[in-house]
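Some notes on the structure that comes next.
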2 protein chains.
Amino acid sequence: MLSNSSKYAIKGVLYLALNSNRDHKVMVRDIYTVVHVPEAYLAKLLQELSRHGIISSTRGPKGGFYLSEEDRKHTLLEIVQVIDGENRLNSCVMGIRNCDMDNPCVLHKLVGGNKSKFIRVLESTKILDLVDGKQGIEEFFPL
Amino acid sequence: MLSNSSKYAIKGVLYLALNSNRDHKVMVRDIYTVVHVPEAYLAKLLQELSRHGIISSTRGPKGGFYLSEEDRKHTLLEIVQVIDGENRLNSCVMGIRNCDMDNPCVLHKLVGGNKSKFIRVLESTKILDLVDGKQGIEEFFPL
DNA sequence: CATAAAAAGGATAAAAATATCTTTTAATCT
DNA sequence: AGATTAAAAGATATTTTTATCCTTTTTATG
Ligand code: FES
Ligand code: FES
């Protein structure tokens with residue numbers, strides 16, 4: 001449903017939401033030790049998000065990744081769609097041909113409901129909602 | 001969440017539920033053309049299910065795969081667990097360490113609910129429930 | 001008993017996902 | 001300007017998942 005890559009990306013963004021802003025950028029090096037995602041791999045994912053304007057980055061000294069106020073308004077779904085592509089979530093749970101959200105199959109009745117809800121959560125949850133009221137990354141979990 | 005293999009397996013079993021019984025066994029050859037799963041691959045999956053006692057099979061002429069009355073009482077979850085292993089479904093949605101159903105993380109509140117429900121559906125849906133009232137495989141979908 | 005049908009099993013191949021390494025580009029700071 | 005820093009980009013490697021092929025074993029039937 002969600003690829004590992006998407007999960008990694010969300011973790012990374014979560015870290016950024018809690019530990020960065022325009023005046024305080026962070027390097028991948030700082031992130032990966034906390035969220036336990038392979039450094040180079042996380043870098044790739046964040047670059048991808050940056051390229052799609054979901055997060056921000058600048059190069060060079062004092063550079064790094066960060067979230068602008070605007071960035072924080074992006075939803076989890078946007079992150080997932082950049083990383084996994086549009087199709088992965090939308091396609092039929094059972095991998096049935098000609099069967100999608102608009103044209104649900106019989107099995108859809110069984111399992112599709114949960115999935116639609118799941119997507120709706122991703123769609124309606126902004127990054128800033130995630131960290132609302134949280135002080136630091138520790139409040140989340142051992143990532 | 002569900003691997004392709006699991007989906008394939010479910011499709012195959014669904015076919016068996018609708019088209020087989022102790023006195024009418026079917027060959028992989030008959031199944032794969034309908035459910036659109038590669039023949040040899042489907043064979044492997046059904047063999048695996050057979051080995052685990054989820055479905056039945058006999059070799060030789062007039063042999064094939066089939067579902068006994070007992071077989072039909074198995075749940076979708078059992079199929080998935082044979083194919084994907086116990087861990088895939090149970091592990092944390094976000095892939096977070098030390099985080100599972102018993103020890104849910106903060107993100108769990110967000111997305112975990114849907115997943116638990118999904119698992120519960122798989123757990124409570126027996127094969128016979130799936131085909132209850134259905135006449136033939138056509139009623140399901142273009143698999 | 002011979003034969004053919006069918007699953008079972010083992011080995012291999014291809015593709016996709018995950019991960020790492022290397023080079024290039026841009027920003028900052030002497 | 002030159003040195004340094006850090007992301008961006010590109011190339012390569014590894015692992016896992018998916019898929020195929022080929023041989024062996026089992027079993028019903030003529
Ligand atoms: S559209 Fe097929 S299961 Fe939902
Ligand atoms: S246990 Fe971590 S998200 Fe559910």
Side-chain angles (χ1 to χ4, degrees), chain A residues 1-13 15-16 20 22-33 35-67 71 80 82-85 87-88 91 95, chain B residues 1-13 16 20 22-32 35-67 71 80 82-85 87-88 91 95:
Chain A
M1 204 138 174
L2 282 192
S3 69
N4 267 322
S5 300
S6 273
K7 295 173 190 174
Y8 288 174
I10 290 175
K11 287 193 205 179
V13 172
Y15 181 98
L16 290 178
S20 82
R22 199 183 311 273
D23 305 317
H24 180 68
K25 291 147 195 161
V26 300
M27 297 185 293
V28 200
R29 175 173 300 279
D30 300 323
I31 310 177
Y32 94 93
T33 48
V35 300
H36 298 99
V37 174
E39 180 173 14
Y41 196 44
L42 179 60
K44 281 274 132 129
L45 295 170
L46 293 182
Q47 282 165 23
E48 187 82 9
L49 291 178
S50 179
R51 203 150 8 98
H52 283 81
I54 309 284
I55 70 178
S56 307
S57 67
T58 59
R59 312 197 212 191
K62 293 276 166 185
F65 294 95
Y66 67 99
L67 296 186
D71 291 339
V80 171
V82 164
I83 302 298
D84 287 347
N87 222 277
R88 179 164 182 148
S91 67
Chain B
M1 205 138 175
L2 282 192
S3 70
N4 267 321
S5 299
S6 274
K7 294 173 190 174
Y8 288 175
I10 291 175
K11 286 195 207 176
V13 171
L16 290 178
S20 81
R22 199 184 311 274
D23 304 317
H24 180 68
K25 291 146 194 163
V26 300
M27 298 184 291
V28 199
R29 175 175 300 278
D30 301 322
I31 310 176
Y32 93 93
V35 301
H36 298 99
V37 175
E39 180 172 14
Y41 195 47
L42 179 60
K44 283 273 132 121
L45 295 169
L46 293 181
Q47 282 165 26
E48 188 81 11
L49 291 177
S50 178
R51 204 148 8 97
H52 283 81
I54 310 284
I55 70 178
S56 307
S57 67
T58 59
R59 312 197 212 190
K62 294 274 166 188
F65 294 97
Y66 67 99
L67 296 186
D71 291 339
V80 171
V82 163
I83 302 297
D84 287 348
N87 222 277
R88 179 163 181 148
S91 67

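Proteins come first, then strands; the chains are lettered A, B, ... in the order of their sequence lines, and each starts at number 1. Atom set for the values below is all heavy atoms of this structure, side chains included, hydrogens, waters and symmetry mates excluded.
- As rounded to whole Å, 14 Å separates atom P of C/dA19 from atom CG of A/Leu46.
- The two atoms that bring A/Ser6 and A/Asp84 nearest to each other are OG-OD2, 2.9 Å, heavy atoms only.
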Between the protein and nucleotides 27-30 of chain C, which nitrogen or oxygen pairs come in under 3.5 angstrom?
unit_1, atom_1, unit_2, atom_2, d
C/dA27, O4', A/Arg59, O, 3.4

Give me, pair by pair, the N or O atoms of the protein and of nucleotides 14-23 of chain D that are less than 3.5 Å apart, along with how far apart they are.
unit_1, atom_1, unit_2, atom_2, d
D/dT18, OP1, B/Asn4, N, 3.3
D/dT18, OP2, B/Ser5, OG, 3.0
D/dA19, OP1, B/Tyr8, OH, 3.4
D/dA19, OP2, B/Tyr8, OH, 3.0

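- Proximity of B/Val13 to B/Ile10: side-chain heavy atoms (C-beta onward) are nowhere separated by under 4.5 Å.
- Residues A/Ser5 and A/Tyr41 have side chains that bring a donor and an acceptor to within less than 3.5 angstrom of each other.
- In this structure, A/Leu49 and A/Ala9 approach most closely via the heavy-atom pair CD1-CB, 4.1 Å.
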side-chain contact (heavy atoms from CB on, under 4.5 Å) assessment of B/Lys7 paired with B/Asn4: CA-CA 5 Å; B/Lys7 294 173 190 174; B/Asn4 267 321; 4.2 Å; yes
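- When all heavy atoms of A/Ser57 and A/Tyr66 are compared, the closest pair comes out as N-CE2, 3.9 Å.
- At whole-Å resolution of the value, OH in A/Tyr32 and C1' in D/dA6 are 15 Å apart.
- The distance from atom CZ of A/Phe65 to atom P of D/dT5 is 18 Å, rounded to the nearest whole Å.
- D/dA6 atom P lies 17 Å from atom CD1 of A/Ile55, rounded to whole Å.
- To the nearest angstrom, P of D/dA6 lies 4 Å from CE of A/Met27.
- Across all non-hydrogen atoms, the minimal contact from A/Pro38 to A/Tyr8 is CD-CE1, 4.3 Å.
- The minimum heavy-atom distance linking A/Gly12 with A/Leu42 is given by the pair CA-CD1, 4.3 Å.
- The nearest whole Å value for the distance from the CD atom in B/Gln47 to the C1' atom in D/dT25 is 12 Å.
- Taking only side-chain nitrogens and oxygens, B/Ser57 comes nearer than 4.0 Å to OP1 or OP2 of C/dA8.
- A close approach under 4.0 Å does not occur between any side-chain nitrogen or oxygen of A/Arg29 and OP1 or OP2 of D/dA7.
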Output side-chain donor-acceptor pairs under 3.5 Å for residues 24-32 of chain A, partner residues at least two apart or in another chain, one line each.
unit_1, atom_1, unit_2, atom_2, d
A/Asp30, OD2, A/Met27, N, 3.3

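- The nearest whole Å value for the distance from the CG atom in B/Asp23 to the P atom in D/dA28 is 13 Å.
- Put simply, NE2 on B/His52 is 11 Å from P on C/dG9, counting in whole angstrom units.
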